[in-house]
Number of protein chains: 2
Amino acid sequence: MLSFEQELSGYDIKKWADWSLKLFYWSPSFSQIYSELKRLEKHGYVTSRTVMQDDVRGKRVYAITDTGREAVRNWSRTAPVEAPVLKHGVLLRVWLGHLTEPERLHEIVAEHRDNSERRRAEAAVDADAAHGETAWAYPELALKWAERYHAAERDLAEQMLRDLDELAASGRATEPVPLPPDSPSLAPRLPGVPSTE
Amino acid sequence: MLSFEQELSGYDIKKWADWSLKLFYWSPSFSQIYSELKRLEKHGYVTSRTVMQDDVRGKRVYAITDTGREAVRNWSRTAPVEAPVLKHGVLLRVWLGHLTEPERLHEIVAEHRDNSERRRAEAAVDADAAHGETAWAYPELALKWAERYHAAERDLAEQMLRDLDELAASGRATEPVPLPPDSPSLAPRLPGVPSTE
DNA sequence: GGTTGGTATTTCTATTAGAAACACACTGCG
DNA sequence: CGCAGTGTGTTTCTAATAGAAATACCAACC
């Protein structure tokens, strides 16, 4: 992110990542960002200086070095093309469809479809904001890709709803045994169990 | 995975996850699987027994308990619908397009398009293998979804290639300064630097 | 005057990945 | 026969990453 040639603090990076990077990559945690910046500086890939905001408060901003720029450029050009990593909780629950009543499963997928459409619209707004700025030509391409990606995700959910309906109509959907009203529950966390005793 | 009612060892789970779950979720590591099975057993969600394969060697297989089945069922029905997590290295490199020569970027995206088509075809084969088995009705739906997902990913890559060509034609693609032949390199790891001194 | 919210960073714990080591069985090959 | 390679099955170690909380200070708002 520093290769865009602006001085950034750890906090700046987190905000920017949440806003932009998040559309096609996970946004790293604060602890990750701050420790990584220190490591990058130790290796000479970035330098830092303290900017005073008033008499008392300062913040540390980082800038990329020539070494760092060449290193990240070299990475981007030569790293192997790897498969995207996906963690799709909704699909996991479809895969485990035998656990859920067909109507509830339908609801879950429908909610995902609606969320996808909302995310598509958000990406469209961001892509418009970047439009025309030469400095943001590539980020704009990524945003346009994100817009289409979420549209595809929405359509895939729509098709899944049809598949689920068809399965229910065919009678091959196995209804699970009903739960007692106060069944023990895993916290909504995946894939493990809560670490609490 | 144990809710499919088969006794499985940690090794079985890893193999199955690599084969099937991987299409829409990450496949957990061995260390994660084995420690999680122990924790699940401590909480009473699974039980285990040792199966002797010959006089010397045995393996530990796990089975879900009633408590465990109700817990995972409850999770699947009530967990909030969360956004899928995506880590798309190729898109990250497009976003950082100012670092790479346009021709090289084109190659990277083209390779990703080809990989997506290959993965689509693989999912199609697996979906056929599951076809018709009532016990695998939901996994089959997930596989069909994966097939369409990879087709969409392929098409999005194709469209990205057109966008890249258009950007290059417009002259707004900023060619990076050439690298000296022996530039320092980051290991192909993201987003940090290698931890070696 | 007190609450809320934003900036900015550190620290702690838990989760997860990844590699390696270990042990044994089976197969193919010279 | 010996032996390399491959697959099953599990454990252990280290590193990476997430997530929450704590700390501070300032500004805006009621």
Side-chain angles (χ1 to χ4, degrees), chain A residues 7-19 21-22 25-43 46 48-62 80 82-83 85-87 89 92 186-197, chain B residues 7-19 21-22 25-43 46 48-62 80 82-83 85-87 89 92 186-197:
Chain A
E7 277 188 329
L8 297 170
S9 69
Y11 193 80
D12 293 332
I13 289 175
K14 177 62 173 165
K15 275 187 308 176
W16 191 14
D18 283 348
W19 181 82
L21 217 51
K22 192 157 203 197
Y25 219 83
W26 91 129
S27 184
S29 59
F30 278 118
S31 45
Q32 182 70 7
I33 289 168
Y34 282 100
S35 59
E36 199 67 38
L37 283 170
K38 280 169 189 156
R39 188 153 66 177
L40 287 164
E41 184 163 34
K42 197 179 70 181
H43 285 263
V46 302
S48 71
R49 65 188 187 96
T50 299
V51 176
M52 295 311 289
Q53 304 179 275
D54 50 50
D55 290 342
V56 191
R57 288 148 50 69
K59 65 175 176 179
R60 182 165 295 273
V61 292
Y62 291 84
E82 273 160 10
V85 174
L86 184 63
K87 302 192 185 185
L92 181 58
L186 287 175
R189 174 181 154 262
L190 211 64
V193 293
S195 60
T196 52
E197 288 299 310
Chain B
E7 278 188 328
L8 296 171
S9 69
Y11 194 79
D12 293 332
I13 289 174
K14 177 62 173 164
K15 276 187 309 177
W16 191 15
D18 283 347
W19 182 81
L21 215 52
K22 191 156 205 199
Y25 219 81
W26 92 130
S27 183
S29 60
F30 278 117
S31 46
Q32 181 70 10
I33 289 169
Y34 282 100
S35 61
E36 198 67 37
L37 284 170
K38 279 168 189 156
R39 187 154 65 177
L40 287 164
E41 184 163 33
K42 196 179 71 181
H43 285 263
V46 303
S48 71
R49 64 188 187 97
T50 301
V51 176
M52 295 310 289
Q53 305 179 276
D54 48 49
D55 289 342
V56 191
R57 288 150 54 69
K59 65 175 176 178
R60 182 164 296 272
V61 293
Y62 290 84
E82 273 161 10
V85 173
L86 183 63
K87 300 192 185 185
L92 181 58
L186 286 176
R189 175 181 154 262
L190 213 63
V193 293
S195 58
T196 52
E197 289 298 310

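Letters A, B, ... are given to chains in the order of the sequence lines, protein chains preceding strands, and every chain is numbered from 1.
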Between atom [atom1] in [X] and atom [atom2] in [N], what is the gap in whole Å?
X: A:E36; N: D:dA16; atom1: CD; atom2: C1'; answer: 9 Å
X: A:F30; N: C:dG6; atom1: CZ; atom2: P; answer: 12 Å
X: A:R60; N: C:dT7; atom1: CZ; atom2: P; answer: 20 Å
X: A:I33; N: C:dT10; atom1: CD1; atom2: P; answer: 13 Å
X: A:D18; N: D:dA18; atom1: CG; atom2: P; answer: 11 Å
X: B:K14; N: D:dT8; atom1: NZ; atom2: P; answer: 13 Å
X: B:L40; N: C:dT15; atom1: CG; atom2: C1'; answer: 14 Å
X: A:M52; N: D:dC25; atom1: CE; atom2: P; answer: 12 Å

Whichever of B:K15 and B:S31 has its nearest DNA chain D nucleotide further upstream toward 5'
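Its nucleotide being nearer the 5' end, the pick is B:K15.
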Residue closer to the 5' end of DNA chain D, A:S29 versus B:G58 (nearest nucleotide)
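That would be B:G58.
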Does B:Y34 put a side-chain nitrogen or oxygen below 4.0 Å from OP1 or OP2 of D:dT11?
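For B:Y34, the contact criterion (side-chain N or O under 4.0 Å from OP1 or OP2 of D:dT11) is not met.
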C:dA25 phosphate, OP1 or OP2: any side-chain N/O from B:Q53 under 4.0 angstrom?
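No, outside the criterion.
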By the 4.0 Å heavy-atom rule, please label [X] as base, sugar-phosphate, or nothing.
X: A:S35; answer: nothing
X: A:S9; answer: sugar-phosphate
X: A:K38; answer: sugar-phosphate

Side chain to side chain, B:L21 and B:S27, heavy atoms closer than 4.5 Å:
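They are not in side-chain contact.
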Which nucleotide sits closest to the side chain of [X]: [options]?
X: A:Y11; options: D:dA18, C:dA8, C:dT16; result: C:dA8
X: B:K59; options: D:dC13, D:dT10, C:dA8; result: D:dT10
X: A:R39; options: D:dA16, C:dT10, D:dT11; result: D:dA16

Please check if the number of heavy atoms outside A:K14 that lie under 6.0 Å from its NZ is greater than 12.
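Enclosed: over 12 neighbouring heavy atoms sit under 6.0 Å from NZ of A:K14.
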Given side-chain contact (heavy atoms from CB on, under 4.5 Å), test B:K59 with B:D12 step by step and report yes or no.
CA-CA 11 Å; B:K59 65 175 176 178; B:D12 293 332; 4.2 Å; yes
Can you tell me how far OG of B:S9 sits from CH2 of B:W16, rounded to the nearest 0.5 angstrom?
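Going from CH2 on B:W16 over to OG on B:S9, the span is 12.0 Å.
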Where do A:R39 and A:E36 land on the salt bridge (charged side-chain N to carboxylate O under 4.0 Å, His left out) test, with the steps shown first?
CA-CA 5 Å; A:R39 188 153 66 177; A:E36 199 67 38; 3.3 Å; yes
